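Remember, predicted model here, so these are calculated numbers, not experimental data.
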Amino acid sequence: MTELREGLRFIGGQLQLRTLLLTESLFAFGWGIVSVLAFFYITQNIHVPISLFGLFSAVPSIGGIVGTLLVDRAAAKRGVTSVYARALLFAGVMVIVSTVPNQAIIDLVGFTLIGIATMQAE
C-alpha cells in the first residue's frame, strides 16, 4: 500500500501523467460499458445473428493491429502528443457515431476505426 500511495503521489505531481491517467481511465470506462453490453447491442439492436457475434467482437482487435502498423508514420508526421490527443478524441466520437444508427455495416467500420485510434493512442 505504501508503494501505491507513493505512485499516486508521484502521478499527482506530474501534469502529463495525470492527463494520461484521466483520459485513459475515462476511455476505458466508456469502452468497457460498450464491451459489456456488446452482446445485447449486437444481437438485439442491430439484429445480427448470434453466429456473427465473434466477428463483431474481433473487429476492434483487427483495427488495433492496423493501428499499430500505422502509428509510427503518424507519430513521425504529426508528433506524439498530437497523435495521442487526436486518436482519443476520434475514438470517442466514433463510439457515438458507430452505435447511434443501429446498422451492422456502420458498426463494423466504426469498431475497426475505434481499434485503430485506440492503438494509436496507446
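Every residue two or more places apart in sequence or in another chain that forms a side chain to side chain donor-acceptor pair (under 3.5 Å) with Ser82 is listed here: Arg86. Applying the side chain to side chain donor-acceptor pair (under 3.5 Å) rule to Thr23 yields the partners Tyr84; only residues at least two apart in sequence or on another chain are considered.
In this structure, Ile62 is not a member of the same hydrophobic cluster as Val109, with clusters built from ILVMFWY side-chain heavy atoms closer than 4.5 Å. Grouping the Ile, Leu, Val, Met, Phe, Trp and Tyr side chains by contacts below 4.5 angstrom, directly or via other members, places Val95 with Tyr41. In the hydrophobic clustering of this structure, Val36 does not group with Ile96; members are Ile, Leu, Val, Met, Phe, Trp, Tyr whose side-chain heavy atoms approach within less than 4.5 Å, directly or through other members. Residues Leu88 and Leu20 share a hydrophobic cluster, clusters being chains of Ile/Leu/Val/Met/Phe/Trp/Tyr side chains in contact below 4.5 Å. Note on Leu70 and Met94: same hydrophobic cluster, where clusters join Ile, Leu, Val, Met, Phe, Trp and Tyr whose side-chain heavy atoms are under 4.5 Å apart, directly or indirectly.
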Hey, can you pull the donor-acceptor pairs under 3.5 Å for the side chains in residues 45-56, sequence neighbours left out?
unit_1, atom_1, unit_2, atom_2, d
His47, ND1, Gln44, O, 3.1
His47, NE2, Gln44, O, 3.3

Pairs under 3.5 angstrom only: tabulate donor-acceptor contacts from the side chains of residues 4-12 to other protein residues two or more places apart or in another chain.
none

Anything under 3.5 Å between a donor and an acceptor, one on a side chain of residues 110-122, the other on a protein residue two or more places apart or in another chain? List them.
unit_1, atom_1, unit_2, atom_2, d
Thr112, OG1, Leu108, O, 2.8
Thr118, OG1, Ile114, O, 2.7

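A distance of 10.5 Å separates CD1 of Ile42 from CG of Leu37, quoted to the nearest 0.5 Å.
Residue Leu15 shares its hydrophobic cluster (ILVMFWY side chains chained together at separations under 4.5 Å) with no other residue.
Enclosure of atom CZ in Arg18 by more than 12 non-hydrogen atoms of other residues, nucleotides or ligands within 6.0 angstrom is indicated.
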